[in-house]
Amino acid sequence: MNAQNQDSKEKDLKSTFSSDLINIETSIGQVFRYTTTLQNNTSEDQVYQLTTKVPEGWRGIFKTKGKQVTSIKVDHGKREIINLELFPSYEAKPDKYKVSVIAKSLKESLTLNLEAVVSGSYELKISTPSGRLSEKITEGDQEEILLTIKNTGSLNLNDIELNSKTPPKWSAVFKPSKIDRLSPGETKNITAILTVPDKTIAGDYMSTFTAKNANSKDEATFRISVVTSLASGVLGALIILTAIIVVYILIRKFGRR
């Protein structure tokens with residue numbers, strides 16, 4: 001009877017290592033974050049070494065009270081909250097992965113088994129059919145630029161919005177202005193109608209077109225070369241010619257005096 005009571009007492013003194021979530025699912029490239037609790041039920045203070053057994057290429061770090069740690073002291077009868085961050089391998093494929101977390105002191109070794117589920121990736125790409133990111137436009141005119149929006153990830157992309165950043169007084173309108181759904185590998189064409197105001201000085205300008213939704217974002221920066229219209233060129237030439245004639249007349253008139 002005494003032996004049984006002793007065994008029961010020792011069992012009650014065994015510490016515990018637990019997590020609020022055992023299984024976490026997220027997309028490729030995202031960090032898995034677990035909140036664990038280490039309870040020291042022994043009669044002495046313990047220093048626990050913290051390690052992880054993760055798939056090849058993965059990395060795990062522990063944090064407590066905002067600082068990264070590799071070990072932690074837990075007073076007897078007390079508990080500590082430990083945050084675990086798991087960084088998957090860049091080559092991780094959609095799958096369920098097993099992770100073991102170990103807290104080991106001089107007196108005991110506690111193992112916490114977790115699961116990390118990689119569900120896929122959200123990624124999109126905005127470009128043009130040819131890949132060329134430059135256009136030529138006459139000042140005061142409009143130019144239609146054909147854009148391609150492609151889902152390069154492994155998960156569906158919903159509610160993709162199109163936006164632009166252009167020079168002052170320029171404008172860009174997208175047709176259509178939104179993509180409701182884009183399946184993995186699917187590409188859709190969007191027309192950007194770019195308007196350059198009158199009297200824009202000839203030269204190169206930058207305009208950025210952005211495609212984004214709640215999960216992914218990409219942008220393409222175009223070099224827009226603005227040229228003057230024929231009428232503006234003729235008018236400019238007439239002004240210059242007139243100025244030259246006026247200067248010539250003044251020189252002839254006042255040069256004799």
Side-chain angles (χ1 to χ4, degrees), residues 2-124 151-159 184 212-218:
N2 290 336
Q4 291 179 350
N5 290 338
Q6 182 66 27
D7 290 342
S8 177
K9 184 177 179 181
E10 290 178 355
K11 183 177 180 180
D12 291 339
L13 290 176
K14 184 174 178 62
S15 300
T16 60
F17 194 19
S18 61
S19 175
D20 60 343
L21 295 174
I22 298 298
N23 176 293
I24 293 180
E25 180 177 340
T26 188
S27 59
I28 289 176
Q30 300 299 309
V31 180
F32 293 86
R33 291 183 170 86
Y34 302 84
T35 301
T36 69
T37 302
L38 182 56
Q39 172 78 42
N40 180 4
N41 290 328
T42 69
S43 58
E44 298 179 2
D45 298 345
Q46 300 284 338
V47 175
Y48 295 89
Q49 297 293 325
L50 303 172
T51 58
T52 58
K53 291 183 179 180
V54 296
E56 184 178 356
W58 289 49
R59 181 170 60 94
I61 63 172
F62 298 94
K63 290 183 178 181
T64 182
K65 298 176 182 178
K67 295 183 179 180
Q68 185 172 333
V69 297
T70 56
S71 63
I72 187 171
K73 179 182 178 183
V74 185
D75 295 339
H76 69 279
K78 301 294 184 180
R79 68 179 60 182
E80 291 289 343
I81 303 298
I82 304 168
N83 296 312
L84 169 63
E85 295 183 356
L86 288 180
F87 296 83
S89 165
Y90 290 111
E91 300 178 353
K93 305 297 182 182
D95 203 349
K96 181 187 292 185
Y97 296 86
K98 301 291 186 180
V99 175
S100 295
V101 187
I102 302 167
K104 186 175 183 179
S105 69
L106 293 176
K107 287 193 171 184
E108 57 187 354
S109 180
L110 307 172
T111 300
L112 174 61
N113 294 315
L114 303 174
E115 290 181 342
V117 180
V118 178
S119 61
S121 63
Y122 295 102
E123 189 173 357
L124 60 80
N151 183 346
T152 55
S154 58
L155 298 174
N156 291 327
L157 293 172
N158 299 318
D159 300 325
K212 67 176 181 178
N213 76 340
N215 306 108
S216 187
K217 175 183 177 181
D218 192 37

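What you see below is based on every heavy atom in this structure, not just the backbone, and it leaves out hydrogens, waters and symmetry mates. If you're wondering where the values come from, they're calculated on a predicted model, not measured in any experiment.
- At least one side-chain heavy atom of K98 sits less than 4.5 Å from a side-chain heavy atom of E115.
- Side-chain contact between L86 and Y97 is absent, with no heavy-atom pair separated by less than 4.5 Å.
- Between S121 and S27, the closest heavy-atom pair is CA-CB, 4.2 Å.
- Atom CG of L38 and atom CZ of F17 lie 5.5 Å apart (nearest 0.5 Å).
- Classified by interplanar angle (parallel below 30°, tilted 30° to 60°, perpendicular above 60°), the ring pair F32/W58 is parallel.
- In terms of modelled atom types and a separation under 3.5 Å, the side chain of N213 and the main chain of D159 share no donor-acceptor contact.
- Residues I22 and L112 have side chains in contact (heavy-atom distance under 4.5 Å, counting atoms from C-beta outward).
- In this structure, K53 and I102 approach most closely via the heavy-atom pair CE-CD1, 3.8 Å.
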Inset, instruction - Walk me through it: do L50 and T70 pass the test side-chain contact (heavy atoms from CB on, under 4.5 Å)? - result: CA-CA 5 Å; L50 303 172; T70 56; 5.8 Å; no
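- When atom types are taken as modelled, the side chain of T52 and the backbone of V101 share no donor-acceptor pair closer than 3.5 angstrom.
- Checked by atom type and distance alone, the side chain of T36 never pairs as donor or acceptor with a backbone atom of S19 at under 3.5 Å.
- Between the side chain of S119 and the main chain of E25, no donor-acceptor pair closer than 3.5 Å is present.
- Counting only distance, with no hydrogens or angles, the side chain of D45 and the backbone of H76 share a donor-acceptor pair below 3.5 Å.
- Of all the heavy atoms in N151 and E123, the pair that sits closest is OD1-O, 3.2 Å.
- Interatomic distance, CD1 of I82 versus OG1 of T37, reported as 8.0 Å (0.5 Å rounding).
- Here the straight-line distance linking atom CG of N83 with atom OH of Y34 works out to 13.0 Å at 0.5 Å rounding.
- A distance of 11.0 Å separates CD in Q39 from CG in L110, rounded to the nearest 0.5 Å.
- The side-chain heavy atoms of I28 and P88, taken from C-beta on, include no pair separated by under 4.5 Å.
- Between N156 and P184, some side-chain heavy-atom pair lies under the 4.5 Å cut-off.
- Taking 4.5 Å as the limit, every side-chain heavy atom of K107 sits out of range of all side-chain heavy atoms of T42.
- Distance check, rounded to the nearest 0.5 Å: CD of Q49 to CG of L106 gives 9.0 Å.
- Side-chain contact of N41 with S15: a donor-acceptor pair under 3.5 Å is absent, judged by distance alone.
- Nearest heavy atoms, V54 versus R59: CG2-N, 4.4 Å.
- Using a 4.5 Å cut-off on side-chain heavy atoms (C-beta onward), N113 and S100 make contact.
- Between K217 and L124, the closest heavy-atom pair is C-CD1, 4.2 Å.
- Here salt bridge (Lys or Arg N to Asp or Glu O under 4.0 Å) pairs that include residues 77-88, with residues two or more places apart or in two chains, are R33-E85, K63-E85.
- Inter-residue side-chain proximity for L114 and L84 is flagged as met; some heavy-atom pair is nearer than 4.5 Å.
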